[in-house]
Student: 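Here you go, one structure.
If you read the sequence from its start, that first residue is 1, and numbering goes on from there. Hydrogens, waters and symmetry mates play no part in the numbers below; they use all other heavy atoms, side chains included.
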Amino acid sequence: MTGYTMLRNGGVGNGGQTCMLRWSNRIRLTWLSFTLFIILVFFPLIAHYYLTTLDEADEAGKRIFGPRAGNELCEVKHVLDLCRIRESVSEELLQLEAKRQELNSEIAKLNLKIEACKKSIENAKQDLLQLKNVISQTEHSYKELMAQNQPKLSLPIRLLPEKDDAGLPPPKVTRSCRLHNCFDYSRCPLTSGFPVYVYDSDQLAFGSYLDPLVKQAFQATARANVYVTENADIACLYVILVGEMQEPVALRPAGLEKQLYSLPHWRTDGHNHVIINLSRKSDTQNLLYNVSTGRAMVAQSTFFAAQYRPGFDLVVSPLVHAMSEPNFMEIPPQVPVKRKYLFTFQGEKIESLRSSLQEARSFEEEMEGDPPADYDDRIIATLKAVQDSKLDQVLVEFTCKIQPKPSLPTEWALCGEREDRLELLKLSTFALIITPGDPHLVISSGCATRLFEALEVGAVPVVLGEQVQLPYQDMLQWNEAALVVPKPRVTEVHFLLRSLSDSDLLTMRRQGRFLWETYFSTADSIFNTVLAMIRTRIQIPAAPIREEAAAEIPHRSGKAAGTDPNMADNGDLDLGPVETEPPYASPRYLRNFTLTVTDFYRSWNSAPGPFHLFPHTPFDPVLPSEAKFLGSGTGFRPIGGGAGGSGKEFQAALGGNVPREQFTVVMLTYEREEVLMNSLERLNGLPYLNKVVVVWNSPKLPSEDLLWPDIGVPIMVVRTEKNSLNNRFLPWNEIETEAILSIDDDAHLRHDEIMFGFRVWREARDRIVGFPGRYHAWDIPHQSWLYNSNYSCELSMVLTGAAFFHKYYAYLYSYVMPQAIRDMVDEYINCEDIAMNFLVSHITRKPPIKVTSRWTFRCPGCPQALSHDDSHFHERHKCINFFVKVYGYMPLLYTQFRVDSVLFKTRLPHDKTKCFKFI
């Protein structure tokens, strides 16, 4: 730097050196610049050239900066760092992926645990509900036991009569015999079952004198009676048939008395014996009038006052239909109420005929003088005066056009043949019956025959003479079916008959028809009535009515029943317990031993119409499950809150007065296995279902490989003896509930509909409650009844293809309803539902109840049923008209009442609604 300064200053002595120095400096700068230029320009170009040339070489091994394998690349230091970073990142990513998969697996496991917890919660809720039900049932059973508050009793020891017992001390006068001094109660314990021994008429000495028809009818009914036993040693009662005789004069009273006392079980005085004398003719002789019958009861149609022992002997009706059922086609209808004649009488009194036809004195003259000894003259004069007045059309004849029938002294003899008398009575609103003029004759076969014929054709009997003893008078209330007028009031009879209203007339006519059918019409009814009267007098309970033994068809079950969404989707509607309540049978009828004491008259005087339901017919059925139906109040209702008045809304309460109850489904089927299986599966999970009884109506058994569904309740497949629609209503012994849901195998009902129908039935247990309604109509052009299935607001029938009814009606349908109706059902293979509606309406005088707005219940796609046949409706028209002839009137009643639940599916707050409504 110093030298450079000096050269610039131009020092003298150093001039040449200075130039050389300048020149060398310039060369250095130039070279340095050139070198830098070469380095900065050409070296990158050369390097680029070589690099591109090497990268384009064919041999991969000669590449210097091109892509290399991982191991080769990692040889470079900075690349190794990048490789380590990449490997570290890759490893972390793999770890994160593994952790993510592990977390997803844990999440799935937790979801499964959540579902399992939900299921366990539901199961716990079901278990809790079941425990609550068990606790409730236990409390209910405990309260029932506590409410009974009765000591445990054991049955009394069975008393057997001794063959050589001397009997009771004889009464001072045989005519003073009553039950307390002439009947041996020790032979008839409460638990004996009332065994009756019937002497074989063919083995008796006088058996050959008996009328063959009477003897044959008596033997036939005795063989079929539930009380009759062949073991005479244990018998409570002994029955002897002594008449009617073919030749009464052939057997003298002394001879008959001797033969009676020679009977093997007579035991000196004949106690606990009943001597029956049945009459087929109006002139039947009183064979036992001069016969000493000892302590034996006498049952016949003719009694003198000196012979009749009130409360001990029995006045029975004549045996008109000995070996045949009544012909219902010949019995006139009970409507119209008023007939051609207001009243009629035909008869002839031989002994007083002349005096009766003479011109009688005026009533004023008779009242001024002494009263007449015989009122027959006044009766004749009064009735003739009514006939001559022509105020009403009456017919009275006191002289027979042909020879009158033989009769007892002072008795009005019958005129003409039975058919002629019936034709006249069919035209009569009232039938006059004039009792015998002899006050010592309390009843005669002629009077009993007149009474029988009047009741048979629906003419209301008017009995002139209050001293008469009508058949079964100490058990039947005759004032409900007949008018008994003292003879002195004969002048008021016309006014009395005209004052009766049509409703009263129809009621009396219907009651008389009931009495005739039940106690008079056949040999069975007469014999059973005699036994029932004696059994009721000595206060022995009736034998239970028989039930149909169910012959079960073995079948395999185990097929898991599916759930039809249309059946099970009820939202949050609480239909009732599902799989929490075991099958629960209805309480049995437990009042058998006190029934005859507490319900003495109800068992005999009940009939359709304004009267209550008749629980017993002459063969005395005591139904095993009729307690609540008859109103005996076996349903337990604890006092206080919780069971009633608890404020539960409709869908959460069972309703009715019985806190716990179930029903049985009875399903009739015929060779439609697939349809049947589908219908059974639809019952899966149905609340309050006790069991299902499948009535297999086909002679062909189900397929062996058929697998029946498991619906949570027993399925009983019952085999029938024949293909009959009447099998639908047989009282099968497997039906343990009072409520029966009769349903077709192709019926399609939802669970909520069935439950609603069940709850409505519990509020009206004596009615048919169902879904499809029908009605009857009067065909004016043809003057006949028609069956109609058109849509209408009015109905009179509910089809039993989907209906609830009480099991009580199954007994009545199978055993009490006239056989002619069941025969009609078998003939047409139709009309069993109409027959059931007729029966229930006839008994209750109430129409059925229709629930919901449904008019049909058939499942879509099911095979064609019998109801689709063209002749189906024509047959039902015929059935209705035939049933009307059998009953004598149209028992069906119209109604526009239908039950729909407003709140059944309406979700309302608990504090806003506490009830349900009917519309």
Student: Closest heavy-atom contact between Pro461 and Ala454?
Tutor: CG-CB, 4.2 Å

Student: Who are the salt bridge (charged side-chain N to carboxylate O under 4.0 Å, His left out) partners of Glu827, not counting sequence neighbours?
Tutor: none

Student: Could you list the residues that satisfy side-chain contact (heavy atoms from CB on, under 4.5 Å) with Asp826, not counting sequence neighbours?
Tutor: Lys722, Ser724, Asn726

Student: Could you check whether any side-chain N or O of Thr429 sits under 3.5 Å from a backbone N or O of Phe343, counting only pairs where one atom can act as donor and the other as acceptor?
Tutor: no

Student: Listed by chain and number, what are the ring pair (Phe, Tyr, Trp, His ring centres under 6.0 Å) partners of Trp732, not counting sequence neighbours?
Tutor: none

Student: Please check: side-chain N/O of His782 versus main-chain N/O of Ser784, any donor-acceptor pairing under 3.5 Å?
Tutor: no

Student: Please state whether the rings of Tyr889 and His842 are parallel, tilted or perpendicular, taking 30° and 60° as the class boundaries.
Tutor: tilted

Student: Using side-chain heavy atoms (C-beta onward) and a distance below 4.5 Å, is Val485 in contact with Val463?
Tutor: no

Student: Dump the intermediate steps for side-chain hydrogen bond (donor to acceptor under 3.5 Å, both in side chains) on Ser501 and Asp504, then the final yes or no.
Tutor: CA-CA 5 Å; Ser501 64; Asp504 292 337; 3.0 Å; yes

Student: Evaluate the side-chain hydrogen bond (donor to acceptor under 3.5 Å, both in side chains) criterion for residues Ser742 and Arg728: first the C-alpha distance (whole Å), next the side-chain angles of each, then the deciding distance (0.1 Å), finally the verdict.
Tutor: CA-CA 8 Å; Ser742 174; Arg728 178 195 298 272; 3.2 Å; yes

Student: Is it true that a side-chain atom of Arg762 and a backbone atom of Phe758 form a donor plus acceptor pair closer than 3.5 Å?
Tutor: no

Student: Which residues satisfy the salt bridge (charged side-chain N to carboxylate O under 4.0 Å, His left out) test with Glu330, sequence neighbours excluded?
Tutor: none

Student: Check the pair Phe520, Val316 against side chain to side chain contact (heavy atoms under 4.5 Å, CB included), reporting the backbone distance first and the verdict last.
Tutor: CA-CA 8 Å; Phe520 293 79; Val316 299; over 6 Å; no

Student: Is the side chain of Asn528 donor-acceptor paired with the backbone N or O of Asp524 at a distance under 3.5 Å, no angle test?
Tutor: yes

Student: Taking side-chain contact (heavy atoms from CB on, under 4.5 Å) as the definition, give me every residue that meets it alongside Leu395, ordered by chain and number, with sequence neighbours left out.
Tutor: Tyr341, Thr344, Gln387, Glu397, Leu424

Student: Under the criterion salt bridge (charged side-chain N to carboxylate O under 4.0 Å, His left out), I'd like the reasoning laid out for Lys340 against Asp392: C-alpha separation, chi angles, the key distance, then a yes or no.
Tutor: CA-CA 9 Å; Lys340 179 180 179 180; Asp392 292 289; over 6 Å; no

Student: Look at the aromatic rings of Phe873 and His877 and report parallel, tilted or perpendicular, splitting at 30° and 60°.
Tutor: tilted

Student: Quick one: does Asn788's side chain have a donor or acceptor within less than 3.5 Å of a partner on Asn790's backbone?
Tutor: yes

Student: Under a 4.5 Å cut-off applied to non-hydrogen side-chain atoms, are Ile843 and Leu812 in contact?
Tutor: yes

Student: Stepwise, does the side-chain hydrogen bond (donor to acceptor under 3.5 Å, both in side chains) test hold for Asp745 with Thr669?
Tutor: CA-CA 6 Å; Asp745 57 359; Thr669 186; 2.9 Å; yes

Student: Please verify the inter-ring angle class for Phe663 with Phe804; under 30° counts as parallel, over 60° as perpendicular, anything in between as tilted.
Tutor: perpendicular

Student: Are the side chain of Arg509 and the backbone of Gly458 linked by a donor-acceptor contact shorter than 3.5 Å?
Tutor: yes

Student: Restricting to non-hydrogen atoms, name the atom on Met508 and the atom on Ala481 that form the minimum distance, rounded to 0.1 Å.
Tutor: CE-C, 3.7 Å

Student: Verify side-chain hydrogen bond (donor to acceptor under 3.5 Å, both in side chains) between Asn733 and Glu547, making sure each step is shown before the conclusion.
Tutor: CA-CA 5 Å; Asn733 58 354; Glu547 294 186 303; 5.9 Å; no

Student: Heavy atoms, side chains only, cut-off 4.5 Å: are Leu893 and Arg845 in contact?
Tutor: yes

Student: Does any non-hydrogen side-chain atom of Pro731 lie less than 4.5 Å from one of Ser814?
Tutor: yes

Student: Apply side-chain contact (heavy atoms from CB on, under 4.5 Å) to Asn830 and list each qualifying residue two or more places apart in sequence or on a separate chain.
Tutor: Tyr828, His872, Glu875, Arg876

Student: With the side chain counted from C-beta on, respond yes when Ser792 and Arg774 share a heavy-atom pair under 4.5 Å apart, and no when they do not.
Tutor: no

Student: Taking all heavy atoms of Gly770 and all of Val798, pick out the closest pair and write down the distance.
Tutor: CA-CG1, 3.3 Å

Student: Residues in side-chain contact (heavy atoms from CB on, under 4.5 Å) with Arg418, at least two apart?
Tutor: Val320, His321, Arg421, Leu422, Phe452, Glu453, Glu456

Student: Run the ring pair (Phe, Tyr, Trp, His ring centres under 6.0 Å) test against Phe430 and tell me which residues pass, sequence neighbours left out.
Tutor: none

Student: Kindly assign one of parallel, tilted or perpendicular to the pair Tyr811 and Tyr815, based on the angle between their ring planes and the thresholds 30° and 60°.
Tutor: tilted

Student: For Gln819 and Asp823, which I'm curious about, is there any donor-acceptor pair between the side chains at under 3.5 Å?
Tutor: yes

Student: Evaluate whether atom CD of Gln783 has more than 12 neighbouring non-hydrogen atoms of other residues, nucleotides or ligands under 6.0 angstrom away.
Tutor: yes

Student: Are any of the side-chain nitrogens in Lys807 or Glu738 under 4.0 Å away from the carboxylate oxygens of its partner?
Tutor: no

Student: Between Thr522 (side chain only) and Ser525 (backbone N and O only), is there a donor and an acceptor less than 3.5 Å apart?
Tutor: yes

Student: For His776, what residues pass the ring pair (Phe, Tyr, Trp, His ring centres under 6.0 Å) criterion, not counting sequence neighbours?
Tutor: Trp785, Tyr894

Student: Does Arg765 come within less than 4.0 Å of Glu763, counting only side-chain N to carboxylate O?
Tutor: no

Student: Taking the side chain as everything from C-beta on, heavy atoms only, tell me whether Tyr688 gets closer than 4.5 Å to Ile754.
Tutor: no

Student: Would you call Ser317 and Ile526 a side-chain contact if the rule is heavy atoms closer than 4.5 Å?
Tutor: yes

Student: Who passes ring pair (Phe, Tyr, Trp, His ring centres under 6.0 Å) against Phe729, sequence neighbours left out?
Tutor: Phe805, Tyr813

Student: Specify the closest pair of heavy atoms between Ala835 and Val825, including all atoms of both residues, with the distance to one decimal.
Tutor: CB-CG2, 4.5 Å

Student: Shortest non-hydrogen contact from Ala802 to Pro772?
Tutor: O-CD, 4.0 Å

Student: Side chains of Ile768 and Met836, heavy atoms from C-beta outward: is any pair under 4.5 Å?
Tutor: yes

Student: Is there a donor-acceptor pair under 3.5 Å between the side chain of Thr664 and the backbone N or O of Ile735?
Tutor: no

Student: Residues two or more places apart in sequence or in another chain: which of them pass salt bridge (charged side-chain N to carboxylate O under 4.0 Å, His left out) with Asp502?
Tutor: Lys338

Student: Minimum heavy-atom separation for Ala448 to Ser301, with atom names?
Tutor: CB-CB, 4.5 Å

Student: Please list, chain by chain and in numerical order, all residues satisfying salt bridge (charged side-chain N to carboxylate O under 4.0 Å, His left out) with Lys846, sequence neighbours excluded.
Tutor: Asp766

Student: Using modelled atom types and a 3.5 Å cut-off, is there a donor and acceptor pairing between side-chain atoms of Asn837 and backbone atoms of Leu892?
Tutor: no

Student: Give a yes or no answer on whether the side chain of Gln334 reaches the backbone of Tyr887 with a donor-acceptor pair at less than 3.5 Å.
Tutor: yes

Student: Under the side chain to side chain contact (heavy atoms under 4.5 Å, CB included) rule, what do Met475 and Tyr519 come out as? Steps first, then yes or no, please.
Tutor: CA-CA 11 Å; Met475 293 290 181; Tyr519 307 111; over 6 Å; no

